[in-house]
Amino acid sequence: MADEENLTVNEELIPKPRHKGKHDKPKPWDDESIDHWKIEKFDPSWNQSGLLEVSSFSTLFPQYREKYLQECWPTVKGALKEHGIACELNLVEGSMTVSTTMKTRDPYIIVKARDLIKLLSRSVPAPQAVKILNDEMQCDIIKIGNMVRNKERFVKRRQYLVGPNSSTLKALEILTGCYILVQGNTVAAMGSFKGLKQARRVIEDCILNKMHPLHHIKILMLKRELAKNPALASENWDRFLPQFKKKNVKQKKVQSKEKKPYTPFPPPQPPSKIDQQLESGEYFLSDKKKMAKQWEEKQVKQAEKVAENKKKREEAFVPPEEPKTHNQDVSNVDKDDVTAMASSLKRKAKEFRKQKSIDKINAEEFIAGPSKSSKKKSKSSR
């Protein structure tokens, strides 16, 4: 019994190891059937008493939006009135203001109204901007003006995002399920949280020159196809996605100027116009002689220019060299052969006259050339 008591005492003295997740007990909301991302529609019965304080937001709009806002303001006012929000358009200050009233029940609707006037000031059409009042619709205004310092580079990259005939922008809208509007130094996007996250990543990567939007479009299309396959739901998709490597374009090397050796003394002062005139003696000439000298120089330059222009004009009348054809070459060769033949015949005719025994010699054999038989006869005669 004593041993058992000692064991229990020792067990009490030894501290029990603390588990890291000892408070991670199952909770009623930890159920797979519950979609935590789903936003339930607000019911006015949840807040029957209304709001205690008045909240208001205001934003400025550019001057070129003034006319459009005047036209569409009745529709905006009617949409906000359904939710118990008051709105005001101040054309003197160039501002829009929204505020809660006694009829407002949803406490978050004032934030949605603030997003509405922000979108209207960023050139989003009123029928599209009013959709932000729905619970499942969110918005994001991405500032891209400060991402690139060079203005030309910024305009070029912004054009990559839009694409030819807005084709790239339309493809992004289809794949992300968001409405995207590129306006000036900002990009306004409307859609779900997931779509807005994808859209922001594509826009920032494009403006910062990390990845072209077309590469992002290819990746999003592949992800959409992979999501349809339930067997790949729990697997990593990196092996299926393409890996795009950034190609650095070779830039021109800046030619570095050679540094001259340092000298503490300043360079000599270049001679002034008066100093040059003093050296040449022109300074002491009278105004008449100066004018005459300038006239002579002008006449010399004019004569050189006239001669140069005349030479250029005459070049147009110089006939070009005619290309030598094959027939002309053949005719020249034939002429040379005929002249050579005539000279050889004349020479042989002279030799023929000098021969003593003219009767015995055959003229045809003589012209053709000495044959072997004739050579033998000459040897025998000798």
Side-chain angles (χ1 to χ4, degrees), residues 60-65 94 121-123 141-166 168-169 182-187 202-216 244-324:
L60 300 173
F61 60 86
Q63 193 175 2
Y64 61 85
R65 292 288 289 170
S121 65
R122 295 314 311 150
S123 299
I141 294 170
I142 305 154
K143 293 180 181 179
I144 57 173
N146 299 329
M147 290 184 181
V148 185
R149 287 184 179 180
N150 194 341
K151 185 73 176 175
E152 292 178 5
R153 200 174 292 168
F154 168 72
V155 171
K156 198 175 181 181
R157 290 179 189 174
R158 187 178 63 182
Q159 190 58 37
Y160 289 157
L161 188 63
V162 177
N165 298 323
S166 304
T168 309
L169 205 63
V182 181
Q183 175 70 22
N185 293 331
T186 58
V187 179
V202 173
I203 291 159
E204 286 180 351
D205 285 358
C206 176
I207 301 299
L208 294 171
N209 201 27
K210 288 182 179 178
M211 192 184 288
H212 200 276
L214 294 177
H215 298 334
H216 272 295
F244 298 105
K245 290 182 180 178
K246 187 178 176 183
K247 292 180 181 178
N248 290 325
V249 181
K250 287 185 179 179
Q251 295 180 351
K252 290 182 181 178
K253 290 182 179 178
V254 180
Q255 293 180 353
S256 58
K257 294 181 181 178
E258 293 182 1
K259 289 184 177 180
K260 294 179 181 178
Y262 173 73
T263 54
F265 304 105
Q269 190 176 0
S272 64
K273 196 174 181 181
I274 296 168
D275 293 336
Q276 290 173 359
Q277 287 177 353
L278 285 166
E279 285 178 8
S280 62
E282 190 182 345
Y283 183 78
F284 301 103
L285 296 173
S286 62
D287 293 340
K288 217 174 195 180
K289 288 182 179 179
K290 283 180 185 178
M291 291 290 286
K293 191 178 182 181
Q294 286 176 4
W295 175 254
E296 284 176 8
E297 288 175 359
K298 192 177 180 182
Q299 289 294 322
V300 170
K301 285 181 182 178
Q302 194 173 355
E304 288 175 359
K305 197 72 178 173
V306 167
E308 191 179 341
N309 292 338
K310 189 179 179 182
K311 194 177 179 182
K312 284 182 181 178
R313 285 196 299 272
E314 286 175 354
E315 282 176 3
F317 298 102
V318 175
E321 292 182 3
E322 294 182 1
K324 292 181 179 180

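Below, all heavy atoms of this structure are taken into account, side chains as well, without hydrogens, waters or symmetry copies.
Nearest heavy-atom pair across R157 and L208 is NH1-C, 3.9 Å. Closest approach of T168 to G163, counting heavy atoms only: OG1-CA, 3.4 Å. What you find for V148 and I207 is that their closest heavy atoms are CG2-O, 3.3 Å. Across all non-hydrogen atoms, the minimal contact from R122 to Q183 is NH2-O, 3.4 Å. Summarising the geometry of T186 relative to I144, their closest heavy-atom pair is N-CG1, 4.1 Å, with the distance given to 0.1 Å. L60 approaches S121 most closely through the heavy-atom pair O-CB, 3.5 Å.
The only option from H215, H216, H212 that meets the side-chain hydrogen bond (donor to acceptor under 3.5 Å, both in side chains) definition with D205 turns out to be H216.
One finds the CZ atom of F61 at 11.5 Å from the OH atom of Y64 (value rounded to the nearest 0.5 Å). Rounding to the nearest 0.5 angstrom, the gap separating the NZ atom in K289 from the CD atom in E296 is 12.0 Å. With rounding to the nearest 0.5 Å, the separation of CD in Q276 from CD in E279 is 7.0 Å. Taken to the nearest 0.5 Å, the CG atom of N150 stands 10.5 Å off from the NZ atom of K156. Within the model, atoms CE of M291 and OG of S286 stand 11.0 Å from one another, a figure rounded to the nearest 0.5 Å.
Residue Q299 qualifies as enclosed at atom CD: its count of foreign heavy atoms under 6.0 Å is above 12. Within a 6.0 Å sphere centred on CG of N146, heavy atoms belonging to other residues, nucleotides or ligands number 12 at most. Under a cut-off of 6.0 angstrom, the local environment of NZ in K290 is crowded, with over 12 non-hydrogen atoms contributed by other residues, nucleotides or ligands. Within 6.0 Å of atom CG in N309, more than 12 heavy atoms from other residues, nucleotides or ligands are found, so the atom counts as buried in its surroundings.
Side-chain atoms of R65 and S123, non-hydrogen and from C-beta on, do get closer than 4.5 Å to each other. Contact of the Y160 side chain with the L214 side chain is not registered, since no non-hydrogen atoms from C-beta on lie closer than 4.5 Å. Residues L278 and F284 are in side-chain contact: their nearest non-hydrogen atoms beyond the backbone lie under 4.5 Å apart.
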(request) Applying side-chain contact (heavy atoms from CB on, under 4.5 Å), run through Y283 and I274 and close with a yes or a no. (result) CA-CA 7 Å; Y283 183 78; I274 296 168; 4.1 Å; yes

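A search for salt bridge (Lys or Arg N to Asp or Glu O under 4.0 Å) contacts involving E282 returns nothing, not counting sequence neighbours. Taking the side chain to side chain donor-acceptor pair (under 3.5 Å) definition, one finds that R158 meets it with nothing, sequence neighbours left out.
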